[in-house]
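Encoded as structure tokens, the structure appears first; notes follow it.
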Amino acid sequence: MPAQLSSAVDLIAQLNRGETSSVELTEGCLQTIATQDPNIRAFLSTNADAAIAQAKAIDEKRKAGQSVGKLAGLPIALKDNMCVTGVKTTCASRILENFVPPYDAGVVEKLKAADAVLVGKTNLDEFAMGSSTENSAFQVTRNPWNLEHTVGGSSGGSAAAVAARMVPLSLGSDTGGSIRQPAGFCGVVGMKPTYGRVSRYGLVAYASSLDQIGPFATDVASAALLFEVISGHDRRDSTSVDRPVPASSQTVEQPLTGLRVGIAREHFAEGLDREVEAAIQHSLDVYRSLGAEIVELSLPHSKYAIATYYLIAASEASSNLARFDGVHYGHRAAKFDNLIDMYSASRGEGFGPEVKRRIMLGTYALSAGYYDAYYLKALRVRRLIRSDFDAAFKRCDVLASPIASTPAFRLGELVNDPLAMYLSDIYTISANLAGIPGLSLPCGLSSTGLPIGLQLLAAPFEEEKLFRAARMFERATEWHTKRPK
Amino acid sequence: MYYETIIGLEVHVQLLTQTKIFCGCTSAFNPDNPNTQTCPVCLGLPGSLPVMNRKAFRLSLKTALALNCDIARFTKWDRKQYYYPDLPKGYQISQYDLPFSSHGFVEIDTDIEKGETKRVRLIRAHLEEDAGKNMHDESGRGHDSHVDLNRAGTPLLEIVSEPDLRSAAEAKKYLEELKLLLTYIGVSDCNMQEGSLRCDANVNLWVHTDDGQKIATPIVEIKNLNSFRGVEQAIEFEVARQIEEWEKTHAKIGDVPKQTRGWDANRCVTFAQRGKEEASDYRYFPDPDLTPVTVSDEFFAEVKAEICELPASRRRRYRADLGLSHYDADVIVSQGDRFTLYFEQVAKLCGDGKQAANWLTQDVQRELNARNLGVDTFPIRPEVLGGLLQRVTANQLTVKSAREVFAALLTDHDTAYEKDIRADLSTSRVEQIIAERGLAVLTDASAITQVIADVIARNPKPVADFKSGKQAAVGSLIGQIMKELKGADAKLVRQMLIDELSKP
């Protein structure tokens, strides 16, 4: 069995025992990418030479007995909306097709300090706007479990790369479910930290008040380890929170006693796939068998979450994407008559249809005369959604729900129906609006052999609890050991 | 019928921080090396985030307090969105509906001689970032335009007045007072040439008709006035133009959209720029990258304590405590904080505010101008000048002699300066000069008595005239005595002479 089939935590143990080397692992990953990725198309770019050189340096460091970082020698992939000095960062958009940032994102600095090996950048829906990775300007990523199905999105490339064991770890960003939903569709663990836990510095913004970077891994403990590495205060991000990072990787194996698992009535409504519902009910049985109490409760404002989300996210996006104007960097139209023409031609050519749709939606929502009715009202509803969760977490430790109403849908199935695509985010979006942490882990397989994900949510900054609760389930089940063929 | 001019000013002031408002780049004026003071944040690169400069907020708060503003304890930043090449993010971070300060005022002198003042109310002051600078090809050959982002992200304070100003002269006076105040509290250098203080003027008329109606004409905004003289001239031009316009069209406010005009300083005319109807909807919304600021009581108190005595208060104090005229107080305070400190030291030592003011506004000012010096580098230090003038106050030296000593000190300095050495300009040198030149006023009564006796003996005619009741006859006698004494207290001499002549 090739080394990289093991979990990241196991790989580190193997590296430390000298059973494998970072070069061997990195070469193995690059080899798998070479054979698998032409079908899956998870990567937008790889960095073979630099990765091997980095791996070599870390192997030598380890051999010389020098202290090494927490991820020393582990290959990792990054969603292509995080800046790495000297490495193209495209956001899967024509407008940034040739953009090479001169600086590292906060998380990239942390990964480098932890001696992780950056092997490549992964595909996404353009500017992280989408739920299937079909909105990439460059390629469609296919689900390793069934190439006719989507990987979910927007961090589809990062989810697929881990699912197909092309890398043991990857990072995604989650604005409305963009880590958790593809993790669910690809049968891996994906986690969105509390808003403010991980620095957004160097993450190309989609919706600033919702975006958060988080880990993908094959198992809970490895996700906890990566979460621990990337978390922490960054004074370059004013919304980053200055509080200690829990040692989640140390405590993840400790089960929680007296665990209360909440389920929200609203999460088991019409439109939920029967197999998905059965898998979630079965998961609750697993928790019961582990001694947990299941608490039924309500999130009364969750029905407004999608409308609220698309107003706030689109408003912020319309502003965040204004900087792509063809003046200072990025795509500039070849032909134009005047300044206004240059702006509209460059943006018209550079952005894809979904990005344009959201820019227009956001521009409209922020316009004079509409601001109060849309944006301001959305902010008020957002507070109500947060209060729902505050109330819920007084009665339970974690909330369990589906990740999506169905397993991975077929490629092309929703891409021409934006509203249906928006509605597919129904289970994940509230966590972003409320700023709370959430995690997706495998909890079943459909009759057609597609993974089903269980979502767990926790109160703000309770990531440690989230990982421990998830690990309890994982230890009692076999789903995380299943791999696509 | 008559016209009343209505003016409101929007002033942008660059704050004296070391670094830009949202990043660590220097905010120094550097137009010669474009784009050398930039980083991912002020270039607006994807993924970069702003972090509020504490010092910028502190200076803003200090200014607002000095401008008598109400301070909002909770404030936030908003994005003002529009497209322009000098605005790299496609929005300017500014403050919209919750500025950190509002409802202040500036007091200006409207008639110095009469001591008349006026309160110009301020609507608000808010903190925002500056844009970069577009540089267009001026050769007329249609070469590329360039953008310099060195200035992008410089902290700016925007101070918006109510339309309380009634003439170009008042507008200028308001700007002068504002500039003086800002430099006193050290928040800006207000260097207009470097663009640290820029002004937009909103101008319109109130037409008072003969039947007692008051009609407002459309408001015109004159953009980017970068000198006080420019402000004055532009408003004067605009008032004349608007009167003409009114007479032609009788257009009232609201009849036509608000117009934006530029100022051509060479031709001394305003010219139409884009109409406001084309101006964008700025789609303001709270910047999600910045956290709102809550001003704590401690921070508030700390900043308040940093504010020095303001110009208006100093003028009042100089008039009330030192007996200065409105004019003198204004002249001294207008010279700035350092000058007033020099003045106060001299006034305290010499014990006569008026005398100190005369010297400062005439002798010292003249020499500073001639030498192109600031008061801090003036060779005669305030304790020396104060000591010299104290002798005048105490009747030990005449004003004329003090001037001679003052000139001698400066000659000493100039001679030494040419030889590249330092002159002794201390109080002991002052004493030496007085002694060498015999300038000390004689207070030795016996010496004065002797000279009086001699002069009386030599002038029987005036003596007889005096004794027969012609008081004026003493004049010529005093003149002769003073000439012989070469520096004596004239009052004392006069008294002693009259006493002598009045003896039976």
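The sequence lines fix the lettering, A, B, ..., with proteins before strands; numbering per chain opens at 1.
Side-chain contact, Asp211(A) with Thr175(A): a donor N or O sits under 3.5 Å from an acceptor N or O. Inspection of the Ser154(A) and Asp125(A) side chains reveals no N or O donor paired with an N or O acceptor under 3.5 Å. Lys79(A) and Thr122(A) share no donor-acceptor pair across their side chains, judged by distance under 3.5 Å alone.
Both the backbone and the side chain of Arg200(A) have a heavy atom closer than 4.5 Å to some heavy atom of chain B. Neither the backbone nor the side chain of Tyr370(A) comes within less than 4.5 Å of any heavy atom in chain B. Only the side chain of Tyr91(B) has a heavy atom closer than 4.5 Å to any heavy atom of chain A. Contacts between Val327(A) and chain B at a heavy-atom distance below 4.5 Å involve the side chain alone, from C-beta outward. Looking at Leu339(A), the atoms closer than 4.5 Å to chain B (heavy atoms on both sides) all sit in the side chain, from C-beta outward. For chain B, the nearby part of Tyr329(A) is the side chain; its heavy atoms alone come within less than 4.5 Å. Both the backbone and the side chain of Pro85(B) come within less than 4.5 Å of a heavy atom in chain A. Within the 4.5 angstrom heavy-atom criterion, only backbone atoms of Tyr284(B) (N, CA, C, O) approach chain A. Only the backbone of Leu43(B) comes within less than 4.5 Å of a heavy atom of chain A; no side-chain atom from C-beta onward does.
Interface check for chain B: of the options Asn81(A), Thr363(A), Thr89(A), the most heavy-atom pairs under 4.5 Å are formed by Thr363(A). The candidate from Pro102(A), Ser367(A), Pro101(A), Cys91(A) with the greatest count of non-hydrogen atom pairs under 4.5 Å with chain B is Ser367(A). For chain A, the option among Pro50(B), Cys23(B), Pro40(B) with the highest count of heavy-atom pairs below 4.5 Å is Pro40(B). Ranked by heavy-atom pairs under 4.5 Å with chain B, the first of His328(A), Arg236(A), Arg323(A) is Arg323(A). Comparing Ser209(A), Gly202(A), Ala105(A) by heavy-atom pairs within less than 4.5 Å of chain B, the highest count is held by Gly202(A). Highest contact tally toward chain B, considering only Ala368(A), Ala322(A), Ser319(A), is held by Ser319(A) [criterion: heavy-atom pairs under 4.5 Å].
The only option from Asp287(B), Asp97(B), Asp289(B) that meets the salt bridge (charged side-chain N to carboxylate O under 4.0 Å, His left out) definition with Lys76(B) turns out to be Asp97(B).
Residues Val187(B) and Leu59(B) share a closest heavy-atom pair of CG1-O, 3.6 Å. The minimum heavy-atom distance linking Thr308(A) with Ala378(A) is given by the pair CG2-O, 3.3 Å. Taking both residues in full, the closest heavy atoms of Tyr206(A) and Ala313(A) are given as OH-CB, 3.6 Å, listed atom of the first, atom of the second, then distance. Smallest separation of non-hydrogen atoms from His136(B) and Ser145(B): ND1-OG, 2.7 Å.
Between Phe127(A) and Phe324(A), the ring center distance clears the sub-6.0 Å criterion. In this structure, Tyr371(A) has its ring center no closer than 6.0 Å to that of Phe285(B).
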